[in-house]
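What follows is a set of notes on a single structure, which appears directly below.
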Amino acid sequence: MLSLFLLAIHSLKISIPIVSLYGSAPTFFTLWSFLRLFTLPLPAHVYRQCDDHLYSIYQRFVLFFFQNWLQVKIYVHGDYKQIFEKKENVLYLSNHQSSLDWIVANMLAIHQGSLGHIRYVLKNELKYIPFYGFYFQQHGCIYVHRNDKGDLSRVENGMKRVIKNGLPIWLVIFPEGTRFNPISNQNAIQRSNLFAKEKGFSPFEYVLYPRSGATVAAIKALNDQIDAVYDITLMYNQTYDEQNQIRLAAPSMFEYLQGQTNELHIDIRRIAMNEIPHETNEEISQWLYQRFQSKDQLLKRFYDFQQKKNLPSEIFSSDEIDHPQELELSYKETLPSCLFLTLTTLPLILNEHGRSIYCKLCLFVPPITLLWMHLFSSSRKI
């Protein structure tokens with residue numbers, strides 16, 4: 001009986017976040033649609049500011065479940081004190097291991113007051129996610145195709161839109177282009193190693209060789225608008241099999257909610273834009289390779305530490321001068337958004353008329369928005 005009760009509690013701990021986040025998607029899309037409609041006759045920057053605020057509300061709702069709801073210890077390393085001191089325009093470059101990596105940008109941005117300013121460079125397949133795929137494009141995110149020669153043009157056009165908007169920005173790029181997954185994505189790792197050898201570089205062990213196209217376009221286009229690059233290295237605990245001495249896959253969002261990791265380490269290196277070579281594409285590509293070389297070395301130290309530490313309470317340090325700090329988030333930063341989106345969703349599902357509207361939104365909005373993106377995104381004017 002006790003085991004059944006504990007199983008039920010564990011199931012609720014997982015199912016409540018999933019149902020809440022997916023269930024609120026039609027509500028959020030409806031709120032955004034009204035916002036877009038009401039701001040049509042107003043200057044574009046008014047809509048952008050309101051949209052950033054609405055996006056911030058929703059992402060606080062997300063953070064409620066991925067920080068406040070769980071007992072995962074999150075540690076920041078490196079230059080975290082500098083980036084939390086003031087708001088600035090940022091090019092955010094990170095290694096990519098999990099779907100959770102997207103939320104880590106939220107975890108940092110909220111402490112700078114920049115949560116609503118996040119835009120992503122996304123792989124094209126993500127635009128097919130119902131509601132979110134269309135919204136992300138309207139929010140200013142940039143979709144790219146892997147190995148497509150037109151990607152550079154898309155990124156450059158996206159950069160021009162960023163400049164035209166003239167608003168604060170955290171532009172998030174995962175230069176590897178896909179997740180480093182030693183269990184299910186060995187093909188990507190082998191291609192990365194082969195590409196590195198063709199370029200005359202040593203292959204990496206814990207990251208993939210970075211694709212430089214989006215990073216090059218961003219640095220060249222936004223050099224005068226961006227204050228700094230945040231070089232982020234993500235390290236998940238419990239992702240190394242000591243018995244077989246192999247690296248395991250990082251937890252997905254769902255697995256993270258299940259408690260399959262108990263620590264997340266975020267190493268932050270702030271690099272001022274005037275410290276980055278940008279005269280030629282080759283200089284930027286070389287610089288990016290060196291940053292990923294440093295990431296690979298840091299991840300090796302992290303896994304070596306995990307194998308050798310004597311006590312579970314021991315905390316990893318990135319280097320000799322690193323002072324890790326646990327990243328905490330107050331309920332007052334997230335709970336109001338959680339209550340707002342819950343209370344605006346409940347009327348749609350607690351009465352018959354509301355459920356009818358909700359079902360129609362779920363049935364008709366995804367195909368209509370996909371058709372819109374297919375017809376108009378490729379010809380979108382700057």
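Just so you know, these numbers come straight off a predicted model, no measurement behind them.
Judged by distance alone, the side chain of T344 and the main-chain N or O of F340 form a donor-acceptor pair under 3.5 Å. K127 places no side-chain N or O within 3.5 Å of a backbone atom of G133 that could act as its donor or acceptor partner. Distance alone, capped at 3.5 Å, places no donor-acceptor pair between the S56 side chain and the D52 backbone. With hydrogens and angles ignored, the 3.5 Å screen pairs no side-chain donor or acceptor of Q112 with any backbone N or O of E85. When atom types are taken as modelled, the side chain of D227 and the backbone of N89 share a donor-acceptor pair closer than 3.5 angstrom. Checking side-chain atoms of S114 against main-chain N and O of I110 turns up no donor-acceptor pair under 3.5 Å. A donor-acceptor pair is defined here as one N or O able to donate and one able to accept, closer than 3.5 Å; such a pair exists between the side chain of S33 and the backbone of F29. With hydrogens and angles ignored, the 3.5 Å screen pairs no side-chain donor or acceptor of T345 with any backbone N or O of T27.
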Walk me through it: do E283 and H278 pass the test side-chain contact (heavy atoms from CB on, under 4.5 Å)?
-> CA-CA 6 Å; E283 284 183 337; H278 59 272; 5.9 Å; no
Stepwise, does the side-chain hydrogen bond (donor to acceptor under 3.5 Å, both in side chains) test hold for N68 with T334?
-> CA-CA 8 Å; N68 301 132; T334 58; 2.4 Å; yes
Criterion side-chain contact (heavy atoms from CB on, under 4.5 Å) on Q138 and W32, from CA distance to verdict | CA-CA 10 Å; Q138 302 304 307; W32 172 80; 3.6 Å; yes
Chi angles and distances behind the side-chain contact (heavy atoms from CB on, under 4.5 Å) call for V172, V121 = CA-CA 6 Å; V172 178; V121 175; over 6 Å; no
Give the intermediate values and the outcome of side-chain contact (heavy atoms from CB on, under 4.5 Å) for residues M273 and V229.
-> CA-CA 7 Å; M273 286 302 292; V229 168; 3.8 Å; yes
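Taking each heavy atom of S212 and L288 in turn, the nearest pair found is CA-CD2, 3.8 Å. Listed here is the closest heavy atom pair of I284 and P277: CG1-O, 3.3 Å. Contact detail for P366 and P130: the closest heavy-atom pair is CG-CB, 3.9 Å. For L54 against L31, the heavy-atom pair with the smallest separation is CD2-C, 4.2 Å. Closest approach of L234 to Q97, counting heavy atoms only: O-NE2, 2.6 Å. The minimum heavy-atom distance between P26 and C362, with the atom names listed, is CG-SG, 3.7 Å.
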Only pairs under 3.5 Å count here: list side-chain donor-acceptor contacts from residues 322-329, not counting sequence neighbours, and write none if there are none.
| residue | atom | partner | partner atom | Å |
| --- | --- | --- | --- | --- |
| D322 | OD1 | G78 | N | 3.0 |
| D322 | OD2 | H77 | ND1 | 2.7 |
| D322 | OD2 | S318 | N | 2.8 |

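Between the side chains of N106 and Q59, a donor-acceptor pair is found at a separation under 3.5 Å. A donor and an acceptor atom, one from each side chain of D101 and S98, are nowhere located under 3.5 Å apart.
Rounding to the nearest 0.5 Å places CZ of F131 at 10.5 Å from OG of S24. Summarising the geometry, atom SG belonging to C141 is positioned 10.0 Å from atom CG belonging to L126; distances are rounded to the nearest 0.5 Å. Here CG of L350 is found 7.5 Å from CZ of R355. Values are rounded to the nearest 0.5 Å. Atom CD1 of residue I226 and atom CD1 of residue I169 lie 6.0 Å apart, to the nearest 0.5 angstrom. To the nearest 0.5 Å, atoms CZ (R301) and CG (D296) are separated by 10.5 Å. Summarising the geometry, atom CD belonging to Q258 is positioned 7.5 Å from atom OG belonging to S252; distances are rounded to the nearest 0.5 Å.
Residues I189 and Y209 form no side-chain contact, since every pair of their non-hydrogen atoms from C-beta on lies 4.5 Å or further apart. Side-chain atoms of M107 and I103, non-hydrogen and from C-beta on, do get closer than 4.5 Å to each other. Between F65 and I16, some side-chain heavy-atom pair lies under the 4.5 Å cut-off. Looking at heavy atoms from C-beta onward, R211 lies out of side-chain contact with E176 at the 4.5 angstrom threshold. Y75 is not listed as a side-chain neighbour of L264, based on a closest heavy-atom distance of 4.5 Å or more. A heavy-atom distance below 4.5 Å is found between the side chains of I232 and L108. Between T233 and L299 there is a side-chain heavy-atom pair separated by less than 4.5 Å. No side-chain heavy atom of T369 sits less than 4.5 Å from a side-chain heavy atom of Y135.
Under a cutoff of 6.0 Å and an axis angle of 45°, R36 and Y47 form a cation-pi pair.
Follow the hydrophobic side-chain contacts under 4.5 Å out from V365 and you reach L375 in the same cluster. Clustering ILVMFWY residues whenever any of their side-chain heavy atoms sit less than 4.5 angstrom apart, transitively, puts I368 in a cluster other than the one holding Y358. Note on L371 and Y143: same hydrophobic cluster, where clusters join Ile, Leu, Val, Met, Phe, Trp and Tyr whose side-chain heavy atoms are under 4.5 Å apart, directly or indirectly. The hydrophobic cluster containing Y303 does not contain I315, counting ILVMFWY residues as joined when their side-chain heavy atoms lie under 4.5 angstrom apart, directly or transitively. Both F254 and L63 are assigned to one and the same hydrophobic cluster, defined by single-linkage of ILVMFWY side chains at heavy-atom distances under 4.5 Å.
Checking D267, I268, I83 one by one against V76, the side-chain contact (heavy atoms from CB on, under 4.5 Å) holds for a single residue, I268. Among the candidates K295, R270, R269, the single residue satisfying the salt bridge (charged side-chain N to carboxylate O under 4.0 Å, His left out) test with D231 is K295. Checked options Y55, Y58, F134; the residue passing with H139 is Y55 (criterion: ring pair (Phe, Tyr, Trp, His ring centres under 6.0 Å)). Checked options Y206, F180, F174; the residue passing with H96 is F174 (criterion: ring pair (Phe, Tyr, Trp, His ring centres under 6.0 Å)).
In L42, the CG atom is crowded: over 12 heavy atoms of neighbouring residues, nucleotides or ligands sit closer than 6.0 Å. For Y128, the OH atom is loosely surrounded, since the number of other residues' heavy atoms within 6.0 Å does not exceed 12.
Not less than 6.0 angstrom separates the ring centroid of Y92 from the ring centroid of Y230.
Scanning for salt bridge (Lys or Arg N to Asp or Glu O under 4.0 Å) contacts around K220 gives an empty result, with sequence neighbours left out.
A salt bridge links D304 to K300: one of the charged nitrogens lies within less than 4.0 Å of a carboxylate oxygen.
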